[in-house]
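Sequence lines set the chain letters: A, B, ... in the order given, protein chains first and strands last, and positions in each chain run from 1.
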Amino acid sequence: MGKKTTVKEGNLVIVESPAKAKTIEKFLGKDYVVKSSYGHIRDLSKSDFGVDLKNNYQPDYIVSNDKKEVVKELKDLAAKSETVWLASDEDREGEAIAWHLYEVLGLKDDNTKRIVFHEITKEAIQKAVKNPRGIDFNLVNAQQARRVLDRLVGFELSPVLWRKVKPSLSAGRVQSVAVRLLVDREREIFNFKPVSSYRVTALFEVKDDKGKVTQLKAELNKRFKTLEETQAFLQECADAQFKVSKVEKKPLKKSPAAPFTTSTLQQEASRKLGFSVSQTMSVAQKLYEAGKITYMRTDSVNLSELALNMASSMISDKMGDQYVQIRNYKTKAKGAQEAHEAIRPTYLDKETVSGTNQEKKLYELIWKRTIASQMADAQLEKTVISIDAGSTGEKFVATGEIIKFDGFLKVYIESTDTEGEQEDDKDVLLPPMSEGDILGMLNVEARQRWSQKPPRFTEASLVRKLEELGIGRPSTYAPTISTIQNRGYVEKEDREGTERVYKYLHVTSGAKVEVSDKTEITGAERAKLFPTDIGMVVNDFLVKYFENIVSFDFTAQVEKEFDEIAMGNVTWNKSIDEFYKPFHDKVEETLETSEKSTGERILGEDPATGKPVLVRIGRFGPMAQIGESSEESEEKPKFASLRKGQHIETITLEEALDLFKLPRTLGEFEDKVVVIGIGRFGPYIRHDGKFVSLKKGEDDPMEIDLDTAILRIKTKREEDAKKMIKVFDEEPDLQVLNGRWGPYIKYQKKNYKIPKDKVAEELSYDDCKQLIADQDKGGGKKTTAKKKTTTKKTTAKKTTTKKATATKKKTTKK
DNA sequence: CAGTGAGCGAGCTTCCGCTTGACTT
């Protein structure tokens, strides 16, 4: 063998994910090198849409900087290999990845093979290798159409928003519909008028054969509309005879839920473990990389043959044969592409794993759900007992369920989103009773209840809705939720409930009905998604001018078109052209004719000046304004920002006028004025150039008096004194302080860490200077490194710092 | 922990889907 002749030998297999590559390499043996493309290797350039509008929408693809290294490695390996196997996923995106690889790596037909498998088992992979095919260009074109359409929609609509609403905003096929769902729901809630009715329950005494007494709770089978009716009925009950009129027993069966997909995992992890969707994904990623679960971005509910066998033997060993029931689940999700298995443990005999608490919990959830999905139905018996209430003609009903055979319930019960206003009557064993039995009444009570407003979305329930509409993909649910929050369209928040008074009626046998007022907390929300004013204005704008794009079935419609392209019935650029021409005209028309959209609402007149009071979106967010700026009058309008929790759509004239009462001067303390105001971080006291926050829940900025304010200033001073560990005479700007995360050094407005082996109190001036120099040097290196990298990276950096400050705010709020 | 506003000058922002890391607090 001469040195310069390149001998091509061996096989290069390219998959999308590096963890997958590792597993597959084991199955294929020595002759195969398995590498990963890390997803797509190139994308549309960002200049001029990345699409040539004059040349049949020709895409301009470029390999981004962070992919250059991967591409180079793959190119080198491909050149040396005898055969290159493109093993990206078996779906539209996967096919496109294969094609991009083919193009960018300069592959040739005669030594390139396209293979697919949708489960990572030895059999599946060997079978795939035996059945190679070529690249499916129809499918690739369907992906190009998808990509180009999303680019055109996003990059044409967003600039319209910059001009007509506010800079830096965004719109897109997926995110804009997500926001619309939230805005629509918020308005439904706003317009919702709760209706009250009275729910009546009774407590009876039941004696069994042996004379043992048990209690039985039953609910009246109707609700009364008015207090009078309810009171009259309860009074009748006081002297009524209660007789069992019917005892009905019905068998009932419950079936397990399908194995996890990305979306159902996100929902259950949210309900059962309180995880956010991004949390779920990053914990799942860890489990996947450690080889503990299968791939976590999937829309498939299928389990491999191998997994089914494992489940079957696991269940029969552990619980017995009668618990095994192997099932095939069908996906219900619109547009599912099912390139992978469902999410399941790699080894079903492992009930738990090592790792962080979160990893353990999520793994256990996946294990239980997977096992339960292959278990027998639960057999239950439902008992319904009807009890006549004297001669009133009304019936009380008691229901109970007993489990005859637990089946899958032994390991897993699916949660629901319904929040528990209704008490749980289930799993109640009813005392034995027969028709004609007379029951002793202990008491009858009634309480006023209100119909429930539609529920606000959580991250997870929004994902479920999007999936239902076929909008977005498993890999984008979590990022979409982040995007709409980062753009300021949506906020995830807790809301405290408000007190509500309800009527409570109570009567015992033979007595007189007592009526009283009780209070309950209602409307409390935890980690719910609230649309912001900007979100609402942007949504209204898009609905008004681009209804078809933000309609709930836009994605479904274009998916149909993509399917046609994938089947070879339609040419992709032609299809894009049919969409783009009218769309672009509409964009042009909107730019020319539409007014700037600020969500302006006139609330009324300012009683002091008679000028109009209005609210709208300003350059810095939602604001209130008294008077209009006009050319005739020199007088400028007055401005005030809306406060947290206030919204353009719901704020009243009174609330808006209150905003202008601040800042207000309380008086003087130590010869300096004391001023109350409201800033970005809530209400504050300003005195002698310093700021002190008001006490939450105790101080009202409109009410607080000078004495209380002075008290707050003094306590703040004490706290500050405690905070200070050391100051140096050499430089008063250099301080050692006690912060929330322990001691730190502050110098020229920057903070520096103190290494764990140093004691804060013992640091000398020189020690501090040294630490600052060290850390500045480290930081300096980093910043120069960052400057060298691409613009893409710096923007990514920006968003992460934004996120960091956002979480900061939240923690201080607590 | 620190921080507590605000109208013409320049250029930027933006999409959806595949994939992982690299960043702090």
Side-chain angles (χ1 to χ4, degrees), chain A residues 15-20 36-44 46 49-50 66-67 70 88-89 91-94 96-97 100 143 146-162 166-176 282 285 288-289 295 297 337 339 471-477 479-480 483 487 555 618-621 623 629 636-637 639-641 663 675 677-686 690-693 720 723 737-742 744 746 749 751 753 782 785-786 789 791 793 795-801 803-805 807-809 811-812:
Chain A
V15 296
E16 291 181 38
S17 147
K20 205 175 183 178
S36 156
S37 74
Y38 293 82
H40 276 294
I41 52 160
R42 60 177 188 177
D43 190 17
L44 299 176
K46 292 220 171 193
F49 290 90
D66 49 342
K67 284 292 162 61
V70 180
S88 44
D89 294 346
D91 59 15
R92 203 162 59 202
E93 298 297 326
I97 288 173
H100 285 305
Q143 193 274 347
R146 199 280 304 156
R147 183 66 193 92
V148 168
L149 177 104
D150 282 335
R151 169 56 65 85
L152 292 174
V153 168
F155 275 38
E156 292 237 351
L157 279 189
S158 300
V160 178
L161 295 178
W162 305 343
K166 218 173 86 100
S168 300
L169 296 175
S170 65
R173 174 176 59 82
V174 173
Q175 58 169 287
S176 296
S282 67
Q285 176 88 31
Y288 168 66
E289 282 168 11
Y295 195 56
R297 289 185 275 262
Q337 310 206 4
I471 299 171
R473 304 277 315 130
S475 66
T476 61
Y477 295 138
T480 301
T483 301
R487 295 272 171 279
T555 292
R619 250 169 57 107
F620 303 95
M623 56 180 254
S629 44
K636 273 189 181 169
F639 302 107
S641 294
V675 178
I678 289 185
R680 275 203 294 166
F681 310 99
Y684 64 89
I685 306 162
R686 198 179 71 215
K690 293 206 171 81
F691 295 87
V692 183
S693 290
D720 282 352
K723 212 177 71 181
L737 300 172
N738 212 353
R740 232 178 66 188
W741 292 291
Y744 67 99
K746 183 180 169 174
K749 291 203 167 178
N751 296 345
K753 276 184 251 178
K782 269 176 208 163
K786 259 167 219 153
T789 56
T791 45
K793 273 206 172 160
T795 51
K797 179 100 209 312
K798 237 189 259 167
T799 52
T800 50
T801 47
K803 253 186 233 164
T805 50
T807 47
K808 254 189 218 170
K809 260 184 218 163
T811 45
T812 40

Between B/dC16, B/dC15, B/dC18, which nucleotide gets closest to the side-chain atoms of A/I97?
B/dC18
Between A/Q285 and B/dT20, is there a side-chain N or O to OP1/OP2 distance below 4.0 Å?
yes
Both A/T480 and A/F691 contact DNA chain B. Taking the nearest nucleotide for each, which residue is further toward the 5' end?
A/F691
Between A/S36 and A/E16, is there a side-chain donor-acceptor contact under 3.5 Å, judged purely by atom types and distance?
no
With respect to the side chain of A/R487, which nucleotide from B/dC15, B/dG5, B/dT20 is positioned closest?
B/dC15
Across the strands shown, which category fits A/Y288 at heavy-atom distances under 4.0 angstrom: base, sugar-phosphate, nothing?
sugar-phosphate
Are A/T476 and B/dG17 close enough that a side-chain N or O sits under 4.0 Å from OP1 or OP2?
yes
Can you find a side chain N or O atom of A/R473 that sits less than 4.0 Å from OP1 or OP2 on B/dC18?
yes
Under 4.0 Å, heavy atoms only, any strand: does A/L152 hit a base, just the sugar-phosphate, or nothing?
nothing
Is A/P18 touching bases, backbone alone, or none of the nucleic acid, heavy atoms closer than 4.0 Å?
sugar-phosphate
Whole-Å C1' distance, B/dT25 and B/dA2:
14 Å
Does A/S17 make a side-chain N or O approach to OP1 or OP2 of B/dT20 shorter than 4.0 Å?
yes
Taking only side-chain nitrogens and oxygens of A/R151, does any of them come within less than 4.0 Å of OP1 or OP2 of B/dT14?
no
Check the orientation of A/F155 and A/F49. Use parallel for under 30°, tilted for 30 to 60°, and perpendicular for over 60°.
tilted
Would you indicate what A/R173 reaches in the nucleic acid, counting non-hydrogen atoms under 4.0 angstrom: base, sugar-phosphate, or nothing?
sugar-phosphate
If you assign A/R42 and A/F639 each to the DNA chain B nucleotide with the nearest heavy atom, which residue ends up on the more 5' nucleotide?
A/F639
Check this one for me: any side-chain N or O of A/S475 less than 4.0 Å away from OP1 or OP2 of B/dC18?
yes
Assign A/V153 to base, sugar-phosphate, or nothing according to its heavy-atom contacts below 4.0 angstrom with the strands shown.
nothing
Among the nucleotides B/dC15, B/dT20, B/dT4, whichever has the atom closest to the side chain of A/Q175 is B/dC15
Can you find a side chain N or O atom of A/Y477 that sits less than 4.0 Å from OP1 or OP2 on B/dG17?
no
A/I471 versus A/Y477, closest heavy-atom pair with distance:
O-CE2, 3.8 Å
By nearest atom, which of the nucleotides B/dG21, B/dC16, B/dC15 is closest to the A/E289 side chain?
B/dG21
Has the side chain of A/S170 got a donor or acceptor atom sitting under 3.5 Å from an opposite partner on the base of B/dT14?
no
Are more than 12 heavy atoms, taken from residues, nucleotides or ligands other than A/R686, located less than 6.0 Å from that residue's CZ atom?
no
Determine, step by step, whether A/R147 and A/H40 satisfy the side-chain contact (heavy atoms from CB on, under 4.5 Å) criterion, reporting the C-alpha distance in whole Å, the side-chain angles of both residues, the deciding distance to 0.1 Å, and the verdict.
CA-CA 12 Å; A/R147 183 66 193 92; A/H40 276 294; over 6 Å; no
Under 4.0 Å from OP1 or OP2 of B/dT19: is there any side-chain N or O of A/R297 that close?
yes
Euclidean distance for P, B/dG3 against B/dC23 (whole angstrom):
28 Å
